[in-house]
Amino acid sequence: MERIYVAVRVRPLINQEVVKGNYWRVEDNRISLHNALGTPISGYSYTFDHVFGYNSKNADIYEVHTKDVIEAAVNGFNGTVFAYGQTSSGKTYTMQGSQEDLGIIRLSVYNVFKDIQSISDREFLIRVSYMEIYNEEINDLLAPENKKLQVHENLERGIFVAGLREEIVNTPDQVFDLIGLGEAHRHVGETNMNVRSSRSHTIFRMVIESRDKDAELDGSSYNKDTVRVSVLNLVDLAGSERVAKTGAGGVRLKEGTHINKSLMSLGTVINKLSDGGGKQRGHIPYRDSKLTRILQPALGGNAKTAIICTIAPEEVHADETRGTLQFASRAKRVTNCAQVNEMLHC
């Protein structure tokens with residue numbers, strides 16, 4: 001059993017004026033709210049695996065917080081990385097990045113192929129897919145004609161999305177071309193808080209298969225027929241919204257309602273899992289949303305999971321920030337049971 005890795009990232013102030021009211025202070029792996037005089041405010045102090053301040057780079061977060069999950073996926077463990085936080089707090093920037101500051105997804109893809117090249121005694125096959133959950137419907141971002149896809153489960157594949165297009169890839173550039181294709185089909189829109197607001201959750205998935213190159217030489221039928229298959233999910237969640245701040249109406253309001261509902265389901269699952277372990281925790285409502293159903297293995301199941309909770313430091317967002325930090329505090333109490341996934345190849 002191992003717990004979920006949880007980090008917090010504080011995005012830079014949008015308005016760089018001197019803060020005159022309450023402010024968040026980062027000290028090592030602790031974040032706390034202080035008043036204008038510098039006195040800590042009771043009940044607003046939190047400790048995590050890592051806390052990344054205003055000047056942190058995506059590469060810093062990747063190296064110390066998510067790299068282990070990615071490298072474990074190459075060795076047969078399921079892995080999931082996702083960013084969580086209110087709208088405009090830096091989730092998409094953390095996962096997607098920029099040309100100057102590559103995001104977690106690109107850094108992960110480079111790392112996977114680098115590790116594969118360094119492992120000489122195994123042969124690999126990599127398949128990728130890209131989906132979005134928009135208004136509680138699953139759409140295929142690589143084949144936009146595939147809409148309203150369904151989640152299924154069986155013994156061989158576990159939980160999967162039926163009808164999702166998968167592409168075999170051999171280089172990082174092939175992967176990035178497919179991501180670019182998918183991003184062109186993703187739902188985004190403008191709100192008062194974000195010019196380019198994510199209106200859907202996206203899940204970029206890599207399925208990593210490998211087998212021992214030398215299995216036939218050692219005469220072992222077990223080794224020859226055994227294949228490792230791991231699933232790596234890199235998730236960019238849409239942010240929670242308050243209508244009073246986003247000014248959403250019409251289509252944007254409907255989108256925001258579905259976003260908030262699925263994030264509430266995620267919060268409920270995390271709450272249930274963090275309250276107790278094993279048989280004592282009772283029913284976990286994974287099926288309440290498509291998001292939690294797809295991510296079920298990453299939430300208390302067979303996977304290594306890293307969460308990056310992003311917060312906006314402005315005082316006007318203090319309530320949302322506290323909500324995010326409370327989510328992060330509960331998430332770090334959740335334990336998974338990750339194991340190498342090996343199956344006999346027929």
Side-chain angles (χ1 to χ4, degrees), residues 1-6 69 78-87 91 131-139 148-155 157-164 198-203 205 231-242 253-310 319-320 322-339:
M1 301 289 285
E2 64 180 64
R3 62 181 182 80
I4 290 177
Y5 310 122
V6 180
V69 173
N78 293 333
T80 292
V81 179
F82 67 85
Y84 174 97
Q86 74 171 100
T87 187
K91 296 177 304 304
M131 72 188 97
E132 73 168 356
I133 304 172
Y134 176 68
N135 287 351
E136 203 54 21
E137 294 179 351
I138 302 171
N139 300 326
K148 299 184 180 180
L149 302 178
Q150 298 300 310
V151 182
H152 294 277
E153 182 176 13
N154 61 33
L155 288 174
R157 297 184 62 183
I159 296 169
F160 65 97
V161 176
L164 194 62
S198 302
R199 312 312 295 164
S200 65
H201 310 302
T202 62
I203 303 174
R205 173 170 287 187
V231 176
L232 176 62
N233 295 311
L234 302 172
V235 185
D236 181 14
L237 296 178
S240 58
E241 299 185 350
R242 288 193 177 185
L253 179 59
K254 180 182 178 182
E255 293 167 345
T257 300
H258 281 288
I259 290 167
N260 287 343
K261 184 179 178 181
S262 62
L263 292 175
M264 188 177 297
S265 295
L266 175 60
T268 299
V269 167
I270 291 292
N271 284 350
K272 294 271 190 179
L273 290 169
S274 65
D275 281 346
K279 298 177 182 177
Q280 281 70 46
R281 67 189 181 199
H283 170 68
I284 308 298
Y286 293 110
R287 295 176 184 267
D288 282 2
S289 77
K290 298 288 197 330
L291 176 66
T292 50
R293 182 67 172 135
I294 293 171
L295 295 184
Q296 182 173 340
L299 305 171
N302 175 24
K304 292 177 178 286
T305 302
I307 302 174
I308 304 141
C309 290
T310 57
D319 287 345
E320 291 91 337
R322 190 179 193 189
T324 298
L325 294 173
Q326 288 172 337
F327 171 91
S329 296
R330 289 188 287 265
K332 72 179 183 179
R333 298 200 300 269
V334 176
T335 54
N336 287 350
C337 187
Q339 57 191 18

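Residues take their numbers from the sequence shown, with the count starting at 1.
- Of all non-hydrogen atoms in Pro285 and Thr268, the two that sit nearest each other are CG-CG2, 3.9 Å.
- Side-chain contact between Ser265 and Leu291: absent, with no pair of heavy atoms (C-beta onward) separated by less than 4.5 Å.
- Residues satisfying the ring-ring contact (aromatic ring centres under 6.0 Å, His included) test with Tyr84, not counting sequence neighbours, are Phe327.
- Here the shortest heavy-atom pairing between Tyr286 and Thr292 reads O-OG1, 2.6 Å.
- Scanning for side chain to side chain contact (heavy atoms under 4.5 Å, CB included) contacts around Glu136 gives Ile133, His258, Ser262, Ser289, Lys290, with sequence neighbours left out.
- Residues Phe82 and Lys91 have side chains not in contact (no heavy-atom distance under 4.5 Å, counting atoms from C-beta outward).
- The two residues Ala298 and Ala303 make their nearest non-hydrogen contact at CA-CB, 3.8 Å.
- Here CG of Leu149 is found 7.0 Å from CG of Asn139. Values are rounded to the nearest 0.5 Å.
- Put simply, the side chain of Ile284 does not reach to within 4.5 Å of the side chain of Leu299, judged on heavy atoms.
- Remark: Thr305 pairs with Asn336 by the side chain to side chain donor-acceptor pair (under 3.5 Å) rule, at least two apart or across chains.
- The side chain to side chain contact (heavy atoms under 4.5 Å, CB included) search around Glu2 returns Tyr5, Lys304, not counting sequence neighbours.
- Rounded to the nearest 0.5 angstrom, Thr87 OG1 and Ile259 CD1 are separated by 7.5 Å.
- Residues satisfying the side chain to side chain donor-acceptor pair (under 3.5 Å) test with Arg3, not counting sequence neighbours, are Asp49.
- For residues 256-266, no pair satisfies salt bridge (Lys or Arg N to Asp or Glu O under 4.0 Å), with sequence neighbours left out.
- Of the listed residues (Thr202, Ile203, Val81), just one forms a side-chain contact (heavy atoms from CB on, under 4.5 Å) with Asp236, and that residue is Thr202.
- Take Asn302 and apply the side chain to side chain donor-acceptor pair (under 3.5 Å) test, not counting sequence neighbours, and it matches Asn341.
- Once rounded to the nearest 0.5 Å, the distance linking CG of Leu263 with CG of Leu237 reads 6.0 Å.
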Derivation of the side chain to side chain contact (heavy atoms under 4.5 Å, CB included) call for Met131 and Leu164: CA-CA 8 Å; Met131 72 188 97; Leu164 194 62; 3.5 Å; yes
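- The NZ atom of Lys332 sits 11.5 Å away from atom OG of Ser274, with the distance rounded to the nearest 0.5 Å.
- Pairing each heavy atom of Cys309 with each of Thr324, the nearest pair is CB-CG2, 3.8 Å.
- For Arg293, the salt bridge (Lys or Arg N to Asp or Glu O under 4.0 Å) partners two or more places apart in sequence, or in a different chain, are Glu153.
- The two atoms that bring Ala306 and Val69 nearest to each other are CB-CG2, 4.0 Å, heavy atoms only.
- Here CG of Leu266 is found 7.5 Å from CG of Leu295. Values are rounded to the nearest 0.5 Å.
- Under the 3.5 Å distance criterion, the side-chain polar atoms of His201 are matched with a main-chain donor or acceptor of Ala238.
- The CG atom of Leu234 lies 8.0 Å from the OG1 atom of Thr80; values are rounded to the nearest 0.5 Å.
- Shortest non-hydrogen contact noted between Lys148 and Gln150 is O-NE2, 3.2 Å.
- Under the side chain to side chain donor-acceptor pair (under 3.5 Å) criterion, Arg330 pairs with Asn271, sequence neighbours left out.
- Checking side-chain atoms of Asn233 against main-chain N and O of Arg205 turns up no donor-acceptor pair under 3.5 Å.
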